[in-house]
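Heads up: the structure comes next, in structure tokens.
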Amino acid sequence: MRTSWADAVAAENAASGSSNINGPGGAPHPGRSSYVPPHLRNRPPASDPPAPSYSGPTSGNDRLGYGGPTSELRSGGFRPDYGHQGYVGVGGRGRGGVGGWSSREPAFDEQENSGINFDAYEDIPVETSGENVPPPVNTFAEIDLGEALNLNIRRDLMVSAQTGSGKTAAFCFPIISGIMRGQFARPRGYRTVYPLALILSPTRELSIQIHEEAKKFSYQTGVKVVVAYGGAPITQQLRELERGVDILVATPGRLVDLLERAKVSLEMIRYLTLDEADRMLDMGFEPQIRRIVEQMDMPPRGVRQTLLFSATFPKEIQRLASDFLSNYIFLAIGRVGSSTDLIVQRVEFVHEYDKRSHLMDLLHAQKANGVHGKQALTLVFVETKKGADSLEHWLYTNGFPATTIHGDRTQQEREQALRSFKRGNTPILVATDVAARGLDIPHVAHVVNFDLPNDIDDYVHRIGRTGRAGNTGLATAFFNENNSSLARPLADLMQESNQEVPAWLTRYASRASYGGGKNKRSGGGGRFGGRDFRRDGSFGRSGGGGTDYYSGNSSGGYGVSGGYGGGHGPGVTSAWD
DNA sequence: AAAAAAT
């Protein structure tokens, strides 16, 4: 989803450039955005693409109705028709495709700017459930932006959608469109602003990224997007807010702060989006989210529209999430290509004490693979912040240009690290799970799970940083006896993704037996794909004591063993993003 | 057990 069409072009402006304020006193004209998307900068006016402003039902024949995407969208495999040509595999395409990692060296350059591999879309299974599901739209040309879109976007949604396919767009478009056509009389509070839409995400960098994307989409629509997140001076964000906000993108902590200061009111919220929704509702975040959604002044479900997006949706989380939804549609959209064959997954048995030298071997082998004198980007996940610092230091002293991103670094350092990585200045990024979800970093050729996570869902998100938008990628995991609880779910995931599962891992997996109900996908064969928990029979069951999953008990009965009957049935997980 | 998120 996120990004990508126009994004490779956007390398330049991470966070800093985004919030240019016209110095004090230099207030711009309201309603007229001074922001120019990166892909339109430094161009003669004549070559500017048409403004994507909404112009009625008949003008919607442009793909996505968005005038802005660069030529990229068309370059790599864009097909104006959706005629069925069958899925020929990624390697079968011209410039958009890349040969398998196993047989070739990664072709960094070929992955660049290839756009989305639309051929691979042919194989995507789409599943919907719920009442009165609107008919599918197969081409953008057939969208009647008027009534159909209106109808489509009226319902609450729980969505699983693939990487690099336009997920941000999927929730931004209806919001922007709805705001543009709506007549919303907003109160004028003294220094209180009343956004119409709220988009919450679990990390600051993801909020920044969503903000960037949303700004591109709302260019010249008059719709104002503002981002608020912690670790950065609040005053600047306050100034932006006071200049007007329709869509607020935020991380939960900073938003609560703003709400307590009465700088923001949620009274007028018509659209609520939780990106990485399962993450937002896990034990760490749930209380904050409930507070924002249920205990402030936000209109109740059914009045506002609520959109939940994530690649992974454990059933326990779906159950929680239904607290926020009203008569919603569950939508599962398959990945580009057949499951993970776009990402070659490797697992290697590496003892703790061998990890560093093993990593060095991988990096050495990869050094040759860069283009234009630049190394292919490698994202290395570790378990702890200390571990990240220490590994980065070790790499650096051994001559590898590495940097690190984790929660103990200052926000400035975090954003700097990400920028430096994206630009290839430090083509190795050592990260904790702060970088596991949602971040769209073009040209990540290799994800290394130096330390494997304990939850298979985290693994899914981590490796999803590569192989995006129809491109191939490589994911290497270092497995040892400390990861035995992951053996089974990992082996199952790999099998489902048509990956080669090492015999030793299979043995580990069978040894692990039914090691607790925590890890999903243990139930035979685990069908891959989003699945609406309402269809699983357990829906509405009132477990003995008349407990009902929708009520009270906000203390998060998720993940807690026994929280939900023994965990049978394959978990709802997917390798989407 | 760890990570993230407000100051």
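What you see below is based on every heavy atom in this structure, not just the backbone, and it leaves out hydrogens, waters and symmetry mates. All of these numbers come straight from a predicted model, not from anything done at the bench. In what follows, chains are A, B, ... by sequence order, proteins preceding strands, each numbered from 1.
Heavy atoms of D257(A) sit under 4.0 angstrom from at least one base atom. Heavy atoms of V434(A) sit under 4.0 angstrom from primed sugar atoms or phosphate atoms, though from no base atom. Residue R261(A) is out of contact with every strand shown, counting any heavy-atom pair closer than 4.0 Å. Nucleic acid contact for G284(A): base, since at least one base atom lies under 4.0 Å from a heavy atom of the residue. Within 4.0 Å (heavy atoms only), R279(A) reaches at least one base atom of the nucleic acid.
L379(A) pairs with exactly one of I463(A), V444(A), N449(A) by the side chain to side chain contact (heavy atoms under 4.5 Å, CB included) rule, that one being V444(A).
For the pair E242(A) and R239(A), the salt-bridge criterion is not met [side-chain N within less than 4.0 Å of a carboxylate O]. Of the charged side-chain nitrogens involved, none lies within less than 4.0 Å of a carboxylate oxygen, so that R279(A) and D457(A) do not count as a salt-bridged pair. Using a 4.0 Å cut-off between a side-chain N of Lys or Arg and a carboxylate O of Asp or Glu, R290(A) and D323(A) qualify as a salt bridge.
For S390(A), the side chain to side chain donor-acceptor pair (under 3.5 Å) partners at least two apart in sequence or on another chain are R356(A). Listed by chain and number, the residues in a side chain to side chain contact (heavy atoms under 4.5 Å, CB included) with A435(A) are F381(A), I405(A), A431(A), L439(A) (sequence neighbours excluded).
A sub-4.0 Å separation between OP1 or OP2 of dA2(B) and a side-chain N or O of T432(A) is absent. Taking side-chain N and O atoms only, R414(A) has a distance below 4.0 Å to OP1 or OP2 of dA5(B).
In the set dA4(B), dA1(B), dA6(B), dA6(B) carries the atom at the smallest distance from any side-chain atom of R254(A).
dA4(B) atom C1' lies 12 Å from atom CD1 of I405(A), rounded to whole Å.
Across residues 381-389 of chain A, E383(A), T384(A), K385(A) each have a non-hydrogen atom less than 4.0 Å from an atom of DNA chain B (numbered order).
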